[in-house]
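These numbers come from a predicted model, not from an experiment.
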Amino acid sequence: MTLPQDSARNRLIVGLDVDGRAEAEAIVAELGEAVAFYKIGYQLAFAGGLPLVEELARAGKEVFLDLKLLDIANTVEKGIESIARLGATMTTLHAYPQAMRAAAKAAEGTGLTLLGVTVLTSLDAADLKAAGYASSVEDLVAMRARQAREAGLGGIVASAAEASAVRGIVGPDMAVVTPGIRPAGSAAGDQKRVMTPGDALAAGASHLVVARPIVAAPDRRAAAQAILAEMTAVL
């Protein structure tokens with residue numbers, strides 16, 4: 001994947017973390033041309049939102065389908081083939097080597113960018129220990145970033161706190177997509193490793209995923225434009 005160089009608008013991904021397609025469509029209409037890239041995750045996908053991937057693509061928007069696949073190789077391969085047919089720009093899978101190799105094979109020639117999920121931004125060292133991992137957050141992120149690069153993925157999902165280290169591992173051309181972005185003064189919610197938009201870009205992120213600070217704002221368009229202004233100042 002070639003990283004976008006033209007504007008903040010191509011790097012801001014608004015998370016449509018809502019309960020239904022009608023609400024998502026209203027948000028897209030309100031944001032209008034201010035936003036070009038949207039994320040559809042479990043919440044919307046399982047509430048009738050999958051057809052919205054094709055709808056947004058036809059409207060000239062880009063879509064990040066965030067389903068974090070992980071299964072046996074054949075199942076992952078077939079899932080990626082289906083996602084590519086929907087017209088998604090990006091999709092996620094957990095950065096396990098077998099799954100990543102299967103996904104890369106399925107995505108070849110489709111234009112779909114595969115993102116390996118390293119460590120969820122809602123997890124910290126205590127959470128990893130409770131899940132049975134002996135590695136630190138930083139070591140596990142680094143290992144999975146290397147494995148994603150070796151498997152031929154187009155990018156990585158990582159906390160902005162690890163963006164600089166990940167960029168050093170994957171080089172200049174892979175995407176580094178960072179959730180857990182919070183403008184200064186906003187609540188962290190259930191995220192444990194967060195950063196402001198400007199700081200995340202400066203750390204090496206290529207794309208920023210922002211949901212609640214925009215979707216839950218009284219004036220969503222104004223909230224998006226404020227974040228875009230901060231990103232533009234850094235770019």
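Val215 has its side chain within reach of Val14: a pair of non-hydrogen atoms, C-beta onward, lies under 4.5 Å apart. The side-chain heavy atoms of Phe37 and Lys61, taken from C-beta on, include no pair separated by under 4.5 Å. Glu162 places none of its side-chain heavy atoms less than 4.5 Å from the side chain of Thr118. Two residues are said to be in side-chain contact when any heavy atoms from C-beta on lie closer than 4.5 Å; Val28 and Tyr38 meet this criterion. Residues Ile181 and Val209 are not in side-chain contact: their nearest non-hydrogen atoms beyond the backbone lie 4.5 Å or more apart. Residues Leu115 and Leu153 fail the side-chain proximity criterion, which asks for heavy atoms closer than 4.5 Å.
Closest of all the heavy-atom pairs between Ala203 and Ala160 is CB-O, 4.1 Å. In this structure, Ala223 and Pro213 approach most closely via the heavy-atom pair CB-O, 3.6 Å. The two atoms that bring Ser135 and Leu128 nearest to each other are O-CD1, 4.0 Å, heavy atoms only. Taking every heavy atom of both residues into account, Asp173 and Arg167 meet most closely at N-NH1, 4.4 Å. Across every non-hydrogen atom of Leu201 and Ala205, the tightest pair is CD2-O, 3.5 Å. The shortest heavy-atom contact between Val53 and Leu65 is CG2-CD1, 4.2 Å.
The backbone N or O of Val176 lies less than 3.5 Å from a partner atom in the side chain of Ser206, making a donor-acceptor pair. Of the possible donor and acceptor atoms, none in the side chain of Thr178 sits under 3.5 Å from a partner among the backbone N and O of Leu208. A donor-acceptor pair under 3.5 Å is absent between the side-chain atoms of Glu81 and the main chain of Ala106, judged by distance alone. Side-chain atoms of Thr113 never come within 3.5 Å of backbone atoms of Gly154 as a donor-acceptor pair (strictly under, hydrogens ignored). Judged by distance alone, the side chain of Tyr42 and the main-chain N or O of Leu67 form a donor-acceptor pair under 3.5 Å. Put simply, the side chain of Thr232 gets close to the backbone of Leu228: a donor and an acceptor are under 3.5 Å apart.
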For this session: For side-chain contact (heavy atoms from CB on, under 4.5 Å), just list the numbers for Leu123 and Val137, CA-CA rounded to whole Å, side-chain angles, deciding distance to a tenth of an Å, and then say yes or no.
Result: CA-CA 8 Å; Leu123 304 181; Val137 169; over 6 Å; no

For this session: Show the numbers, then the answer: is there a side-chain contact (heavy atoms from CB on, under 4.5 Å) between Asp66 and Ile40?
Result: CA-CA 6 Å; Asp66 185 20; Ile40 294 175; over 6 Å; no

Exercise. For Val210 and Leu12, what are the C-alpha separation, side-chain angles and deciding distance, and is it a side-chain contact (heavy atoms from CB on, under 4.5 Å)?
Worked result: CA-CA 7 Å; Val210 182; Leu12 174 63; 3.7 Å; yes

For this session: Begin from the C-alpha positions of Lys129 and Asp127 and carry the test salt bridge (Lys or Arg N to Asp or Glu O under 4.0 Å) through to its verdict.
Result: CA-CA 5 Å; Lys129 183 178 180 180; Asp127 296 312; over 6 Å; no

Problem set entry | From CA spacing to verdict: side-chain contact (heavy atoms from CB on, under 4.5 Å), Arg146, Val170 | CA-CA 7 Å; Arg146 286 192 295 271; Val170 303; over 6 Å; no

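Every residue meeting the side chain to side chain contact (heavy atoms under 4.5 Å, CB included) condition with Ala36, not counting sequence neighbours, appears here in chain and number order: Arg9. Partners of Asp219 by side chain to side chain donor-acceptor pair (under 3.5 Å), not counting sequence neighbours: none found. With sequence neighbours excluded, the residues forming a side chain to side chain contact (heavy atoms under 4.5 Å, CB included) with Ala224 are Leu31, Val35, Ile214, listed by chain and number. Legend: residues meeting side chain to side chain contact (heavy atoms under 4.5 Å, CB included) with Ala226, ordered by chain and number and at least two apart, are absent.
A side-chain donor from one of Arg85 and Ser82 sits under 3.5 Å from a side-chain acceptor of the other.
Here the options are Leu93, Thr92, Leu114, Leu112, the test is side-chain contact (heavy atoms from CB on, under 4.5 Å), and the partner is Ile83; only Leu112 passes.
Ser159 OG to Met195 CE: the interatomic distance, rounded to the nearest 0.5 Å, is 6.5 Å. Ile169 CD1 to Met174 CE: the interatomic distance, rounded to the nearest 0.5 Å, is 10.0 Å.
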When the side chains of residues 94-105 are checked against the rest of the protein, which donor-acceptor pairs come out under 3.5 Å, sequence neighbours left out?
| unit_1 | atom_1 | unit_2 | atom_2 | d |
| --- | --- | --- | --- | --- |
| Tyr96 | OH | Tyr133 | OH | 3.1 |
| Tyr96 | OH | Arg144 | NH2 | 3.4 |

Donor-acceptor contacts under 3.5 Å from residues 16-26 side chains, at least two apart:
| unit_1 | atom_1 | unit_2 | atom_2 | d |
| --- | --- | --- | --- | --- |
| Asp17 | OD1 | Lys39 | NZ | 3.0 |
| Asp19 | OD1 | Gln43 | NE2 | 2.6 |
| Arg21 | NE | Glu25 | OE2 | 3.1 |
| Arg21 | NH2 | Glu55 | OE1 | 2.4 |

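Under 4.0 Å is where a charged nitrogen must lie from a carboxylate oxygen, and between Glu30 and Arg221 no such pair does.
When the shell of 6.0 Å around CD of Glu108 is examined, it contains 12 or fewer heavy atoms from other residues, nucleotides or ligands.
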